[in-house]
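Working notes for the structure below.
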Amino acid sequence: MSEDGDEEIKEEIPTLGTYEGERNEAKQRHGKGKNVFVNGDEYDGDYENGVRSGYGIYKWKGGARYTGEYKNDLRHGQGYFIYPDGSKFRGAFAEGKREGQGSYLYTNGDIYQGEWRNDMKNGKGVYLYKNGSKKSGIFVDGVLQGPGEIVHPDHKVSGKWGGNISMDLPVKITFATGFSQEMRDPEFFTGIPPAEAKT
């Protein structure tokens, strides 16, 4: 009850938490502001007509964090995302998804550098292993396909990808000495004679 006897009216509506910052004439979030959401997430950055637009930092209660550009409440433009497991992505986003050029650092120290589309590796890319080896080629929905290479410190293997792990035979092996050889025998790679591999 207020002092004059009129009862206060409070609408029970879903809340987005607490907001401190600039507003436009229509009382929308506009300009610089900080929002602490009910679930403990936080956004500190630019707003335009009530939505995240421009540069901002979004911190999830679970430990993830995004620093970068927004458009219409979605990650859009250049950004840096730290995932809950500690892996990291730096690159382009479009409508909330990884899109365009970007680098992904895995928790084991491996790195993917290349093209992304619809939040997946798509297009030319290089997967760099922590040990110095790398594989390159064309990714389609996260899977290597078509011509590519596996490069090790002392040799490289050129051929056609049959998935992320192996190449279809034949392949060409070129050693650091300059010697190269075409390989057609799966036993060379697996150590299993072809007759035993089929059983």
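Note that the coordinates shown come from a computational prediction; the quantities given were computed from them, not determined experimentally.
Within the hydrophobic cluster formed by Ile, Leu, Val, Met, Phe, Trp and Tyr side chains joined at under 4.5 Å, directly or through other members, V126 is accompanied by L105, I111, L128.
Taken together through direct or relayed side-chain contacts under 4.5 Å among Ile, Leu, Val, Met, Phe, Trp and Tyr, L169 and L144 form part of one hydrophobic cluster. Linking ILVMFWY side-chain heavy atoms closer than 4.5 Å, directly or via other members, places V36 and V38 in two distinct hydrophobic clusters. Transitive grouping of hydrophobic side chains (ILVMFWY, heavy atoms separated by less than 4.5 Å) brings V171 and F179 into a common cluster. M183 and V157 end up in the same hydrophobic cluster when Ile, Leu, Val, Met, Phe, Trp and Tyr side chains are linked at under 4.5 Å.
Remark: R75 fails to qualify as a cation-pi partner of Y70 under the 6.0 Å distance and 45° angle criteria applied to the six-membered ring. Judged by a 6.0 Å distance limit and a 45° cone about the ring axis, R98 is positioned over the six-membered ring of F89.
In this structure the side chain of R23 reaches within 4.5 angstrom of the side chain of R29, judged on heavy atoms. The closest side-chain heavy-atom distance from E22 to K32 is below 4.5 Å. Counting heavy atoms from C-beta on, the side chains of K172 and T174 come closer than 4.5 Å. S87 has its side chain within reach of Y104: a pair of non-hydrogen atoms, C-beta onward, lies under 4.5 Å apart. Between E115 and K124 the shortest side-chain heavy-atom distance falls below 4.5 Å. In this structure, the side chains of H155 and F175 come closer than 4.5 Å at one or more pairs of heavy atoms. Side-chain contact between K135 and E149 is absent, with no heavy atoms from C-beta onward closer than 4.5 Å. Between N49 and H30 there is a side-chain heavy-atom pair separated by less than 4.5 Å.
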Going through the checks in order, is the side-chain contact (heavy atoms from CB on, under 4.5 Å) test met by R65 and K59? CA-CA 4 Å; R65 183 174 65 202; K59 297 176 186 174; 3.9 Å; yes

Between E42 and K34, is a salt bridge (Lys or Arg N to Asp or Glu O under 4.0 Å) present by the stated rule, with each step listed? CA-CA 7 Å; E42 294 180 14; K34 181 176 182 178; 3.7 Å; yes

As a quick check of understanding, evaluate side-chain hydrogen bond (donor to acceptor under 3.5 Å, both in side chains) for Y127 and S136, giving each step before the final call. CA-CA 6 Å; Y127 190 100; S136 62; over 6 Å; no

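Side-chain contact, R52 with N35: no donor N or O sits under 3.5 Å from an acceptor N or O.
Nearest heavy atoms, K88 versus Y80: CD-OH, 3.0 Å. Nearest heavy atom pair, residue H152 against residue S133, reads ND1-OG, 2.8 Å. Taking all atoms of both residues into account, the shortest heavy-atom contact from A94 to H76 is CA-ND1, 3.4 Å. Considering every non-hydrogen atom in both M167 and S158, the closest pair reads SD-C, 4.1 Å. Nearest approach of A92 to Q78, heavy atoms of both residues: CB-NE2, 3.5 Å. For the residue pair P84 and A64, the shortest heavy atom distance occurs at CD-CB, 3.8 Å.
The aromatic rings of Y43 and Y58 are tilted relative to each other, their planes meeting at an angle between 30° and 60°. Ring-plane geometry between Y83 and F81 is classed as parallel, the angle between the planes falling under 30 degrees on a 0 to 90 degree scale with a further cut at 60.
Qualifying side-chain contact (heavy atoms from CB on, under 4.5 Å) partners for Y55, counting only residues two or more places apart in sequence or in other chains: D46, I57, T67. The ring-ring contact (aromatic ring centres under 6.0 Å, His included) check on F139 picks up Y112, with sequence neighbours excluded.
Proximity of the aromatic rings of Y106 and Y129 is defined here by a centroid distance below 6.0 angstrom, and this criterion is not met.
Atom CZ of F93 and atom CG of L74 lie 11.5 Å apart (nearest 0.5 Å). Remark: I173 CD1 to D154 CG distance equals 10.5 Å, nearest 0.5 Å. Rounding to the nearest 0.5 angstrom, the gap separating the CD atom in E20 from the CG atom in D44 is 10.0 Å.
Atom CD of Q28 is surrounded by more than 12 heavy atoms from other residues, nucleotides or ligands within 6.0 Å.
A side-chain donor-acceptor contact under 3.5 Å links D41 to the backbone of K61. Not one N or O on the side chain of N39 forms a donor-acceptor pair closer than 3.5 Å with the backbone of W60.
The pair E95-K97 does not meet the salt-bridge criterion, since no charged nitrogen lies less than 4.0 angstrom from a carboxylate oxygen.
Of the options V143, I138, I150, V140, a side chain to side chain contact (heavy atoms under 4.5 Å, CB included) to W161 is made by I150 and by none of the others.
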